[in-house]
Student: 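Mind looking over this structure? Questions follow.
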Amino acid sequence: MSAESEMFLIRVPASTANLGPGFDSIGLALGLYLEIHGSSSDHWEVVPLSEEMSVFPRDDRNYIVQIAKETAASYGKELSPCRLFVSSEIPLARGLGSSASAIVAGIELANIVGELHLSNEEKNRHASLFEGHPDNAGASVYGGLVVGLHTEERTDVVSFPIEGVKVIAVIPNFELLTEDSRNVLPNSLSYKDAISGSAAANVMLAGVLSKDWKLVGEMMQSDRFHQPYRAELVPHLALIEEVVLNEGGFGAALSGAGPTVLCLASQEKSEGLLTGLKNRFPEFLVKELEIDNDGSYTAILSEQEKKELKFLKS
Ligand SMILES: Nc1ncnc2c1ncn2[C@@H]1O[C@H](COP(=O)(O)OP(=O)(O)OP(=O)(O)O)[C@@H](O)[C@H]1O
Ligand SMILES: N[C@@H](CCO)C(=O)O
């Protein structure tokens with residue numbers, strides 16, 4: 001990034017991880033966004049533009065800046081300070097990939113300010129190393145549905161655009177930190193459960209590729225890797241599965257580490273399912289979400305686009 005007065009926009013989608021048996025491997029990007037409007041400054045400053053962002057540090061201790069600095073440093077670069085206006089529609093600690101979106105935003109920040117020219121593969125490798133798994137990170141980078149394997153040595157991800165299915169999220173009014181939700185998982189699994197869970201993930205993916213959403217929904221509810229162990233942390237999951245079944249939806253699964261539950265339905269059944277879930281869980285936020293097939297996005301704004309930014313006028 002060259003000119004002093006230039007302003008850039010970074011936009012990163014939310015994500016839902018696992019879809020049941022795709023634990024730590026499958027993710028889907030969703031139409032809720034973390035946005036950063038940034039420009040050069042004489043010091044690091046993070047200006048929250050949304051309530052959720054006001055809880056985080058407003059200087060270079062902010063996680064996004066930390067990720068950016070660490071990413072740039074891995075290429076031997078030091079980033080010039082920026083003023084960052086940050087807004088996010090992604091609820092925190094709800095299993096919709098808020099931390100992954102912050103990580104990907106930090107990598108995009110390093111990329112544009114440090115002029116790193118990173119490929120999506122390189123962005124996803126860094127993001128997966130920070131996250132520890134490629135599901136949320138890969139979905140936020142690539143968009144669509146991603147299937148990945150992340151090890152110390154390499155990160156492999158394949159992404160597919162997804163059309164023709166409706167997504168409804170049931171977002172509880174309480175937080176569940178990924179760390180707490182991972183702490184209840186077993187250190188090992190029986191051979192039988194591992195084979196069954198792996199096969200369920202394979203059939204689910206085959207269902208996605210053949211657009212057999214009824215099969216996808218059935219496999220979403222055939223997880224062996226994490227949902228059985230997390231059940232007591234998210235007692236609403238079994239109840240939501242019942243409503244989905246009764247309303248003719250395809251299926252439901254814990255969104256990432258929870259507590260959000262992700263439901264899939266056809267166009268025809270989505271309205272009825274939305275109403276049924278809202279009536280059954282009046283204390284939760286129940287909303288239809290778009291699927292994001294584009295992934296993270298960075299652009300330099302034109303002077304006209306800058307002029308239209310209301311927060312710069314206030
Ligand atoms: N938009 C953000 N800006 C700055 N830091 C963030 C942001 N989102 C997440 N973080 C950092 O990541 C940490 C974990 O994020 P969060 O509270 O969302 O929990 P989580 O378990 O990762 O939730 P999720 O299921 O949404 O990933 C936060 O404590 C904060 O340090
Ligand atoms: N696959 C991770 C996703 C965390 O967002 C988990 O379920 O813990």
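Excluded from the calculations below are hydrogen atoms, water molecules and symmetry mates; all remaining heavy atoms, backbone and side chain alike, are included. Whatever order the structure lists ligands and atoms in, that order sets their numbers, starting from 1.
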Student: Out of curiosity, is Arg94 lining ligand 2, as in a heavy atom under 4.0 Å away?
Tutor: no
Student: I'd like to know if the side chain of Ser255 pairs up with that of Thr16 as donor and acceptor (distance under 3.5 Å, no hydrogens or angles considered).
Tutor: yes
Student: Any idea which part of Ile90 is under 4.0 Å from ligand 1, heavy-atom wise: side chain, backbone, both or neither?
Tutor: neither
Student: Going by heavy atoms, is His226 under 4.0 Å from ligand 2?
Tutor: no
Student: Can you tell me which residue and heavy atom of the protein come closest to atom 6 (C) of ligand 2, and the distance to 0.1 Å?
Tutor: Arg182 NH1, 3.2 Å
Student: At a 4.0 Å cut-off, with the gap strictly under it, does some heavy atom of Gly97 reach an atom of ligand 1?
Tutor: yes
Student: Check whether more than 12 heavy atoms from other residues, nucleotides or ligands sit under 6.0 Å from atom CD of Glu51, and answer yes or no.
Tutor: no
Student: Is the closest side-chain donor-acceptor distance between Ser50 and Glu52 under 3.5 Å?
Tutor: no
Student: Assess whether a salt bridge exists between Glu108 and Lys123, defined as any Lys/Arg side-chain N lying under 4.0 Å from an Asp/Glu carboxylate O.
Tutor: yes
Student: Out of curiosity, is Ser88 lining ligand 1, as in a heavy atom under 4.0 Å away?
Tutor: no
Student: Under a plain distance cut-off of 3.5 Å, with no hydrogens placed, do Glu131 and Ser99 share a side-chain donor-acceptor pair?
Tutor: yes
Student: Counting from 1, what ligand 2 atoms have a heavy atom of Arg230 closer than 4.0 Å?
Tutor: 6 (C), 7 (O), 8 (O)
Student: Anything under 30° is parallel, anything over 60° is perpendicular, the rest tilted; go ahead and classify Phe311 against Phe85.
Tutor: tilted
Student: What protein heavy atom lies closest to atom 3 (C) of ligand 2? Include the residue and the distance to one decimal.
Tutor: Asn136 OD1, 3.5 Å
Student: I need the nearest protein heavy-atom contact for atom 29 (O) of ligand 1: residue, atom name and distance, please.
Tutor: Phe56 CE2, 4.3 Å
Student: Do me a favour and list the nearest non-hydrogen protein atom to atom 1 (N) of ligand 2 with residue, atom name and distance?
Tutor: Asp24 OD1, 2.6 Å
Student: Can you sort out which atoms of ligand 2 are near Ala17, meaning under 4.0 Å from one of its heavy atoms?
Tutor: 3 (C)
Student: With only distance considered, is Asn18 within less than 3.5 Å of ligand 2 through an N or O on each side?
Tutor: yes
Student: Under 4.0 Å between a Lys/Arg side-chain N and an Asp/Glu carboxylate O for Arg125 and Glu121?
Tutor: no
Student: Below 4.0 Å, non-hydrogen atoms only: which portion of Ala102 touches ligand 1? Side chain, backbone, both or neither.
Tutor: side chain
Student: Check for me whether the distance between the ring centres of His236 and Phe284 falls short of 6.0 Å.
Tutor: yes
Student: Would you mind listing which atoms of ligand 2 come within a distance below 4.0 Å of any non-hydrogen atom of Asp135?
Tutor: 1 (N), 2 (C), 3 (C)
Student: Can you sort out which atoms of ligand 2 are near His133, meaning under 4.0 Å from one of its heavy atoms?
Tutor: 2 (C), 3 (C), 4 (C)
Student: Closest by any non-hydrogen atom to atom 1 (N) of ligand 1: pick that one out of Met53, Arg94, Glu131.
Tutor: Met53
